[in-house]
2 protein chains.
Amino acid sequence: MPSFRDHDFFPIGMNELIENANQLGVAIASARKALGLTQRELALAINSGERFIVELEAGKPTAQLGKALAAAHAVGLRLTAVGRSAG
Amino acid sequence: MPSFRDHDFFPIGMNELIENANQLGVAIASARKALGLTQRELALAINSGERFIVELEAGKPTAQLGKALAAAHAVGLRLTAVGRSAG
DNA sequence: GAAATTTCTTCCCGAACGGGAAGTTTTCGG
DNA sequence: CCGAAAACTTCCCGTTCGGGAAGAAATTTC
């Protein structure tokens, strides 16, 4: 599975386009690591099991929407929706 | 301004913060109406049942993440994730 | 190299998703 | 206003989520 080589620093403040569960999972994983959180800690933060985080970050498309958004929020990801006609 | 019905217009370029399933549902419903699509048509577009769209737009937090993102995509919503620590 | 963390996998199984279709209510066009 | 279209509800029920835990595997640290 694709992952970043991220031993060192992290480009915080990046702007990622989210088209599917996989991209959201990657974004959450990146943001989590940037904060130095473990999957367990993130799971605790949103009252889920560790397995949920594992599967979410792996891009599981059937993950629960609400918990996924909660996880994104918990790692400081700001999600915005823009109508396409905006250009 | 010519006369128009309340749902004929969609504020172009509006940028909505998505924090939970409810906000995403509202955004999807708005975008769908702006395109003149019915729930049935949207359901067909993403290979789901109508009920899924009804529940998604109603903000059901346990809706499947992948299908929710597919629906957002289908109605032309561009979702972006931005790391919060930048600003 | 070894030990310690962290991540991923597997188990069981109750709880809940959600498809299709029919039926009801709300909304909209003429 | 009235009829049509769209939206929402309800039904049955097979499929699958996902919690907790223990252990394997991978990664990091000394």
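All values derive from a computational prediction rather than experimental measurement. In what follows, chains are A, B, ... by sequence order, proteins preceding strands, each numbered from 1.
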*Closest nucleotide among D/dC8, D/dG19, D/dA7 to the A/K67 side chain*: D/dG19
*Measure from CD on A/E57 to C1' on C/dT9 and round the result to the nearest Å.*
16 Å
*Roughly how many Å is it from CG in B/L56 to P in D/dT9, rounded to a whole number?*
14 Å
*Whole-Å distance between C/dC8 C1' and A/K33 NZ?*
12 Å
_Proximity to the side chain of A/V54 - top-ranked nucleotide from C/dC17, C/dC8, D/dG19_ = C/dC8
*What integer distance in Å separates A/R40:CZ from C/dT5:P?*
12 Å
*CD of A/Q39 versus C1' of C/dT5: gap in Å, rounded?*
12 Å
*asked:* Given 3.5 Å as the limit, does a donor-acceptor pair link the side chain of B/R32 with the main chain of B/V75, or not?
replied: no
*asked:* So, OP1 or OP2 of D/dT16: does either fall under 4.0 Å of a side-chain N or O from A/T62?
replied: no
*Integer-rounded Å distance: D/dC17 C1' and A/E55 CD*: 8 Å
_Main chain of B/L37, side chain of B/E41: is a donor-acceptor contact present, judged purely on distance under 3.5 Å?_
no
*Check whether any side-chain N or O of A/R32 sits under 4.0 Å from OP1 or OP2 of C/dT7, and answer yes or no.*
yes
*Where is the tightest heavy-atom contact between B/A68 and B/F52, given as atom of each residue plus distance?*
N-CZ, 4.0 Å
*Using a cut-off of 4.0 Å on non-hydrogen atoms, how would the nucleic acid contact of B/E50 be classed: base, sugar-phosphate, or nothing?*
nothing
_Considering every strand and a 4.0 Å limit on heavy-atom distances, what is the contact class for B/A63: base, sugar-phosphate, or nothing?_
sugar-phosphate
*Of B/L77, B/L17, B/L79, B/I18, which meets side chain to side chain contact (heavy atoms under 4.5 Å, CB included) against A/T80?*
B/L17
*Heavy-atom pair of closest approach, residues A/A71 and A/I28*: CB-CD1, 4.3 Å
*Of the candidate nucleotides C/dG19, D/dG19, C/dC17, which contains the atom at the shortest distance from the side chain of A/S48?*
D/dG19
*Map B/T38 and A/G49 onto DNA chain D by nearest heavy atom, then report which one ends up closer to the 5' terminus.*
B/T38
*Spacing of A/L65 atom CG relative to C/dA16 atom C1', expressed in whole Å*: 16 Å
_d(CD, A/E41; C1', C/dT6) in whole Å_ = 10 Å
